[in-house]
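All of these numbers come straight from a predicted model, not from anything done at the bench.
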Amino acid sequence: MSKPTTPPPPLAETVREYKDIREEYKYDDSIFNDEPERVAQIKYIVNNRLNLVDRPLIILYADCQNYRKLGERLGVSHTTIFKEIRRIRKDILQIYDDMNKNTKK
């Protein structure tokens with residue numbers, strides 16, 4: 001017997017959730033006084049250097065912290081979410097390393 005699946009929430013609902021969550025992760029210049037420099041740089045990268053597809057995905061993942069839940073929410077498999085989050089993390093770390101290489105020179 002297969003497990004009944006619930007349909008993903010409507011896209012409009014997910015977009016509203018993203019907009020609410022986005023405020024929590026919004027880049028703020030005063031952040032340099034309140035948080036370690038690394039955290040501030042990562043937030044800057046997420047908000048200013050990621051493309052329009054990757055940004056909401058990583059922010060929704062940061063809020064959800066679960067591949068399966070996020071996959072259900074977006075109507076895709078958890079393995080797809082896992083692969084995309086892994087790729088985005090790699091991109092963030094590459095940008096972070098590049099930023100720090102340029103500042104050390």
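- Atoms CG and CD1, from Leu93 and Ile42 in turn, are 6.0 Å apart once rounded to the nearest 0.5 Å.
- The shortest non-hydrogen separation linking Asn100 to Gln41 is OD1-NE2, 3.3 Å.
- When all heavy atoms of Cys64 and Leu70 are compared, the closest pair comes out as SG-N, 3.7 Å.
- Taking 4.5 Å as the limit, some side-chain heavy atom of Val39 sits within range of a side-chain heavy atom of Pro36.
- Taking Lys83 as the reference, Arg86 meet the side chain to side chain contact (heavy atoms under 4.5 Å, CB included) condition, with sequence neighbours excluded.
- Shown here are the side-chain hydrogen bond (donor to acceptor under 3.5 Å, both in side chains) partners of Asp91, two or more places apart in sequence or in another chain: Arg87.
- Rounding to the nearest 0.5 angstrom, the gap separating the CD1 atom in Ile92 from the CG atom in Asp97 is 12.0 Å.
- Legend: residues meeting side chain to side chain contact (heavy atoms under 4.5 Å, CB included) with Ile95, ordered by chain and number and at least two apart, are Ile45, Arg49, Met99.
- By the side chain to side chain contact (heavy atoms under 4.5 Å, CB included) test, Thr79 is found to be paired with Ser77, residues two or more places apart in sequence or in another chain being considered.
- Taken to the nearest 0.5 Å, the CG atom of Leu57 stands 13.0 Å off from the CG atom of Leu52.
- The CD1 atom of Ile58 lies 12.0 Å from the CG atom of Asp63; values are rounded to the nearest 0.5 Å.
- Considering all non-hydrogen atoms of both residues, Arg55 and Leu50 come closest at NH2-O, 2.8 Å.
- Proximity of a side-chain donor or acceptor of Gln65 to a complementary backbone N or O of Ala62 within less than 3.5 Å is detected.
- With sequence neighbours left out, the side chain to side chain contact (heavy atoms under 4.5 Å, CB included) criterion links Asn51 to Val53, Asp54.
- Judged as a ring pair (Phe, Tyr, Trp, His ring centres under 6.0 Å), the pairs with a partner in residues 63-93 (not counting sequence neighbours) are, in order, Tyr61-Tyr67, Tyr67-Phe82.
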